[in-house]
Q: 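Sharing a structure with you now.
In each ligand, atom 1 is the first atom listed, and ligand 1 is the first ligand listed. We number each residue from 1, following the sequence as shown.
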Amino acid sequence: MYDMLTIDNQQITILRSWVEEASDVVVIAHRNADGDAVGSSLAIWHILRSMGKNVFVVLPDGCPYTYSWLPGSESIRGGERQQDECRGLLLSADLIIAVDFNAPYRVAALQEALSEARCRKVLIDHHENPAKEAFNLLFSRPEISSACELCYWVALSAWGPDAIDRTVATCLYTGIRTDTGGLSYSCNQPSLYEAVAALVARDIDPERLNHFIVDNYSVDRLMFYAFAISQRLKIFPEHKFAYFYISLDDQHRHHIDSVDIEGLVNYTLRLQQVEVGALIREEPKRIKVSLRSKFDFNVERIASQFFNGGGHIKAAGGDCVGMTMKEVMDKVENVFLSQTR
Ligand code: 5GP
Ligand code: MN
């Protein structure tokens, strides 16, 4: 026997009334949106639209092309050319629902508008250490697999099973599928399988969806992975550590986008000897660091202590600004080769 996931009833009552009172709603997720960010924001968008709300999804850099097949993705606002529009939407909203991130800095250039907006702000998220002061109502559950799973439980509690139709279920399944690597990590809670079973029962087609979610590489992307694994991977078996380092030049030469690199870091953990892995990736204005761990080693602590970031115990990220690739590589090696496991 186990307990079903419960969501605080009082909070649900507040959410329900805030949504009822609002007419213009913005749903916002983090920069470099992944399947969980796109899936959870679109799921909430569909639910609120069905209630007749004037609702917008804002993603700081728009919808990544890998999720452009998700229903409603064409309506997503974001990217450099729509920054002003996004700011305007945030500042004039009656209600902001933030999903899949824990602090305003995670929306990059939209941080100021998000903080300045005077309306009520709701957070539905599963990252560690939420910025409590930035939101008026928090559904923050770091033990839950994904924002999509949490949105499932919150929506079910607030608006009942009929609010989760096939379209909503498609979006939610996508985020659960991506944030758990196909139920292979963050997958120890029975309630996760309850949620998946309920979504599959909405007549979605998980087999087909998995092909859209996973089997979507361009030839360039697959060739880039071969290059990265053979030439940009450093392995330290005695420290149970390995990391990739990818420069902007590597990305340009292989004609790949930043979303194409998503998932590469997980290959470090495929190595039997490796328990902690990292990916260092150069971006135009910063160097991004992604961290993953197999067992108990807490990479969230490392991300927040050394890389201005955060995330989850076993998957976290952050960045270095104003440093060269070589300096970041040295820093990563210093940090990880001095940690005992
Ligand atoms: P990734 O390395 O794939 O970008 O992110 C791994 C996990 O850590 C994701 O859940 C992501 O949302 C989170 N994450 C990545 N970068 C940051 C960051 O700078 N701050 C926080 N709080 N979480 C992050
Ligand atoms: Mn997530």
Side-chain angles (χ1 to χ4, degrees), residues 28-44 59-61 64 66-67 98-108 111 123-132 134-135 139-154 171-181 185-187 192 195 213 243-246 257-269 276-283 285-293 298-321 328 332:
I28 184 167
H30 59 79
R31 74 189 301 177
N32 295 339
D34 54 11
D36 196 30
V38 185
S40 55
S41 53
L42 281 177
I44 299 291
L59 298 178
D61 357 69
T66 41
Y67 296 106
V99 291
D100 199 31
F101 71 95
N102 60 351
Y105 78 91
R106 297 277 287 138
V107 298
Q111 171 176 355
L123 178 72
I124 306 178
D125 179 50
H126 70 133
H127 292 89
E128 302 283 339
N129 303 317
K132 293 195 178 123
F135 303 95
F139 297 91
S140 168
R141 301 286 290 261
E143 80 280 17
I144 300 297
S145 68
S146 49
C148 277
E149 187 198 334
L150 184 55
C151 283
Y152 169 75
W153 293 113
V154 168
C171 298
L172 294 178
Y173 174 83
T174 298
I176 294 177
R177 172 69 185 71
T178 56
D179 255 29
T180 62
Y185 41 80
S186 306
C187 59
L192 164 65
I213 298 166
Y243 76 92
F244 286 102
Y245 55 101
I246 307 293
D257 196 275
S258 63
V259 290
D260 294 324
I261 305 179
E262 206 160 289
L264 180 64
V265 62
N266 296 315
Y267 281 90
T268 57
L269 299 189
V276 177
L279 164 71
I280 303 170
R281 184 180 90 214
E282 191 178 7
E283 289 184 1
K285 291 184 187 147
R286 62 174 193 158
I287 293 180
K288 168 111 181 31
V289 178
S290 290
L291 307 174
R292 297 291 184 273
S293 112
N298 182 347
V299 289
E300 193 274 338
R301 181 180 64 79
I302 301 286
S304 55
Q305 192 174 338
F306 298 101
F307 300 106
N308 320 304
H312 314 284
I313 311 281
K314 294 182 182 176
D319 60 20
C320 295
V321 179
V328 178
V332 163

Q: Cut-off 3.5 Å, side chains only: do E300 and N129 have a donor facing an acceptor?
A: yes

Q: What is the distance from atom CD of E149 to atom SG of C187, rounded to the nearest 0.5 Å?
A: 11.0 Å

Q: Could you tell me the separation between the CG atom of D100 and the CD1 atom of I124, rounded to the nearest 0.5 Å?
A: 11.0 Å

Q: Measure the shortest side-chain to side-chain distance between I246 and I280 over non-hydrogen atoms and say whether it is less than 4.5 angstrom.
A: no

Q: Can you see whether N102 engages H126 through a side-chain donor-acceptor pair at a distance of less than 3.5 angstrom?
A: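 No, because no side-chain N or O of N102 sits under 3.5 Å from a partner of the opposite role on H126.
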
Q: Select all protein residues for which some heavy-atom-to-ligand 1 distance is less than 4.0 Å, and list them by chain and number.
A: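 Shell around ligand 1 (4.0 Å, heavy atoms): N102, Y105, R106, H127, K288, S290, R292, G309, G310, G311, H312, A315, A316, G317, G318.
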
Q: Please confirm if an N, O or S atom belonging to D100, backbone or side chain, lies less than 2.8 Å from the Mn ion (ligand 2).
A: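 Looking at D100, which is the residue asked about, there is an N, O or S atom under 2.8 Å from the Mn ion (ligand 2).
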
Q: Is there a donor-acceptor pair under 3.5 Å between the side chain of D125 and the backbone N or O of F101?
A: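 Yes; judged by distance alone, with no hydrogens or angles, the pair exists.
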
Q: Can you name the nearest heavy-atom pair linking L59 to A33, along with the distance?
A: CD1-CB, 4.1 Å

Q: By atom name, which N, O or S atom belonging to D179 lies closest to the Mn ion (ligand 2)?
A: OD2

Q: If I consider every N, O or S atom in D36, which one ends up closest to the Mn ion (ligand 2)? I only need its name.
A: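 Per the distance ranking, D36 contributes OD2 as its closest N/O/S atom to the Mn ion (ligand 2).
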
Q: Assess H126: does it contribute an N, O or S atom lying under 2.8 Å from the Mn ion (ligand 2)?
A: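 Yes.
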
Q: Are R281 and E283 ion-paired here, with the side-chain N under 4.0 Å from a carboxylate O?
A: yes

